[in-house]
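What follows is a set of notes on a single structure, which appears directly below.
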Amino acid sequence: MSFLIDSSIMITSQILFFGFGWLFFMRQLFKDYEVRQYVVQVIFSVTFAFSCTMFELIIFEILGVLNSSSRYFHWKMNLCVILLILVFMVPFYIGYFIVSNIRLLHKQRLLFSCLLWLTFMYFFWKLGDPFPILSPKHGILSIEQLISRVGVIGVTLMALLSGFGAVNCPYTYMSYFLRNVTDTDILALERRLLQTMDMIISKKKRMAMTRRTMFQKGEVHNRPSGFWGMIKSVTTSAPGSENLTLIQQEVDALEELSRQLFLETADLYATKERIEYSKTFKGKYFNFLGYFFSIYCVWKIFMATINIVFDRVGKTDPVTRGIEITVNYLGIQFDVKFWSQHISFILVGIIIVTSIRGLLITLTKFFYAISSSKSSNVIVLLLAQIMGMYFVSSVLLIRMSMPLEYRTIITEVLGELQFNFYHRWFDVIFLVSALSSILFLYLAHKQAPEKHMAP
Amino acid sequence: MASLDRVKVLVLGDSGVGKSSLVHLLCQNQVLGNPSWTVGCSVDVRVHDYKEGTPEEKTYYIELWDVGGSVGSASSVKSTRAVFYNSVNGIILVHDLTNKKSSQNLYRWSLEALNRDLVPTGVLVTNGDYDREQFADNQIPLLVIGTKLDQIHENKRHEVLTRTAFLAEDFNAEEINLDCTNPRYLAAGSSNAVKLSHREEILFKRW
């Protein structure tokens with residue numbers, strides 16, 4: 001009986017998450033596009049719903065809500081469904097939509113998408129070989145095999161994003177890094193941009209007139225096609241067409257210049273807005289946060305290095321450590337069990353919410369930047385895949401932040417994964433990502449003021 | 001060749017509707033082989049014989065300014081784009097017949113371009129609402145072009161075309177629907193070419 005109640009609670013929450021994912025898709029991601037293939041929207045919302053359910057089960061574990069056997073059952077079921085989606089459905093549909101975009105292969109779409117999916121499965125399998133993630137007692141198609149590989153990909157993604165985010169966050173918040181931009185700078189650049197456009201226009205006018213006179217005189221300026229065409233054009237080339245190619249080259253160079261100027265002007269406008277924003281209260285508050293985050297970032301890099309160098313994986317979670325410190329050193333006595341439950345609930349809750357929110361924001365920005373009307377379906381499915389893998393590996397890593405008694409369910413369900421490996425791998429990739437982001441931002445920052453000084 | 005007389009026409013529309021292909025087709029009478037993203041603005045020139053066949057015939061260049069980007073761009077990009085909207089003689093609004101959102105966004109595009117002259121600081125103060133009266137006394141001739149006609153299935157064509165007819169009426173503009181990969185649509189003598197030259201004549205009369 002209690003199993004039925006528990007299941008109905010779980011199913012209601014899943015439907016809620018599904019609705020949220022659907023709304024997010026419609027309102028945020030696909031704002032400027034028309035949804036023609038509803039399959040894509042359904043897949044995205046389903047992935048989101050099942051990922052959030054996993055987090056919900058962790059929270060229930062900590063709070064002790066629901067029957068423990070029904071929790072275990074739902075864990076297993078949830079995991080199976082998510083793996084099914086991430087390994088079978090989404091890659092297949094990605095292949096299908098990629099193939100649909102290519103006009104040549106339109107007829108045999110299904111065949112080619114199956115081929116693509118098989119290639120994906122092959123590489124996905126090979127991914128597991130160089131990593132010491134499993135003990136060899138498990139069969140080929142067990143949950144542990146699939147989860148271990150999904151975990152590797154997801155942890156890599158998480159570490160890359162964290163590393164970049166940890167460095168980029170103080171860089172954008174702090175106004176110390178803002179370059180000084182005046183209105184005259186912007187006006188000067190705009191003038192250069194318009195002058196370049198005028199030069200392009202006058203050259204194109206010459207080209208159009210030349211082409212017109214050539215057309216009227218009966219010469220047709222065509223691209224030399226084929227082998228004989230090329231040989232012919234070497235010996236007999238009309239003076240008009242030679243002129244045209246010369247002018248065309250100049251126009252190409254000018255167009256490249258106009259693009260550069262446009263991007264620089266947009267950059268200057270953005271910097272000017274940021275300078276104005278930093279003078280407001282909100283701006284000052286974020287500036288202060290930026291200093292705080294930069295200290296946090298340095299500390300995290302330091303800890304990651306120590307972990308790798310000394311081959312140390314934290315045995316106790318921060319909650320228990322914190323409680324130990326307060327009890328032993330500060331002498332404050334309180335009910336350990338009660339407080340550890342609530343504090344770990346809050347801590348884990350914060351981690352979950354911020355990582356979901358951060359991921360959705362990053363995905364939206366990424367989607368706006370690179371999608372077009374042709375590729376929007378493929379990109380959204382890729383994002384759904386990334387989101388699913390990210391959330392699965394969050395579950396793996398969150399285990400470290402929870403006290404021992406709550407870790408059991410994750411260990412039970414996920415089997416004998418080498419959790420320590422994943423933490424080590426996270427530290428390594430985090431370090432690499434953070435250091436390369438620092439290098440990258442340093443180079444970008446250095447290069448920018450020199451661009452403006454050039455006449 | 002009048003160097004002081006400039007006729008400037010903006011080509012506006014969402015990302016990926018086919019503005020670059022359209023401009024290439026209009027100016028070079030050839031199909032654009034490898035369309036890629038337009039960063040900033042690309043210009044092309046179309047030669048037009050004003051009052052052809054009459055003794056006052058004169059050859060003009062119409063500059064087609066193809067401005068890239070989307071309505072939802074960051075405000076810094078919008079401010080940068082605003083520099084192209086100066087002293088415009090005509091606007092071509094391009095939307096994708098297979099994508100309804102691109103036609104809805106045309107209202108915002110036209111507001112962005114037309115309000116440029118009213119607010120010299122470059123900051124857009126529209127509330128996004130479309131007001132027909134704003135367009136009633138608009139002196140700048142508009143032309144609405146729908147692209148990717150070939151990708152619409154025969155059955156759906158009728159409802160799509162009625163919808164776009166309403167759109168053109170809202171703007172008090174002429175409309176053309178075509179496929180940018182097929183030069184036949186703008187071939188001399190076709191109804192589209194006639195509409196186009198008709199619009200161009202209006203452009204010159206007002207200018």
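Atoms considered below: every heavy atom in the structure, side chains included; atoms not considered: hydrogens, waters and symmetry mates. We name chains A, B, ... by the order of the sequence lines, and we start the count at 1 in each one.
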Chain B heavy atoms under 4.5 Å from [X]: which part of the residue, side chain, backbone, both or neither?
{"X": "D198(A)", "result": "side chain"}
{"X": "I186(A)", "result": "neither"}
{"X": "I201(A)", "result": "both"}

Nearest heavy atoms of A208(A) and V45(B), plus distance in Å:
CB-CG1, 4.4 Å
Shortest non-hydrogen separation from S258(A) to C41(B) and the atoms involved:
OG-O, 4.3 Å
Interatomic distance, [X] atom [atom1] to [Y] atom [atom2] [nearest 0.5 angstrom]:
{"X": "M197(A)", "Y": "F84(B)", "atom1": "CE", "atom2": "CZ", "value": "5.0 Å"}
{"X": "D44(B)", "Y": "M207(A)", "atom1": "CG", "atom2": "CE", "value": "8.0 Å"}
{"X": "S42(B)", "Y": "K204(A)", "atom1": "OG", "atom2": "NZ", "value": "6.0 Å"}

With sequence neighbours excluded, what pairs up with T182(A) under the side chain to side chain contact (heavy atoms under 4.5 Å, CB included) test?
T184(A), D185(A)
Heavy atoms from other residues, nucleotides or ligands near CZ of F25(A) exceed 12 (cutoff 6.0 Å):
yes
Out of L261(A), I200(A), L194(A), return the one with the most heavy atom pairs under 4.5 angstrom to chain B.
L194(A)
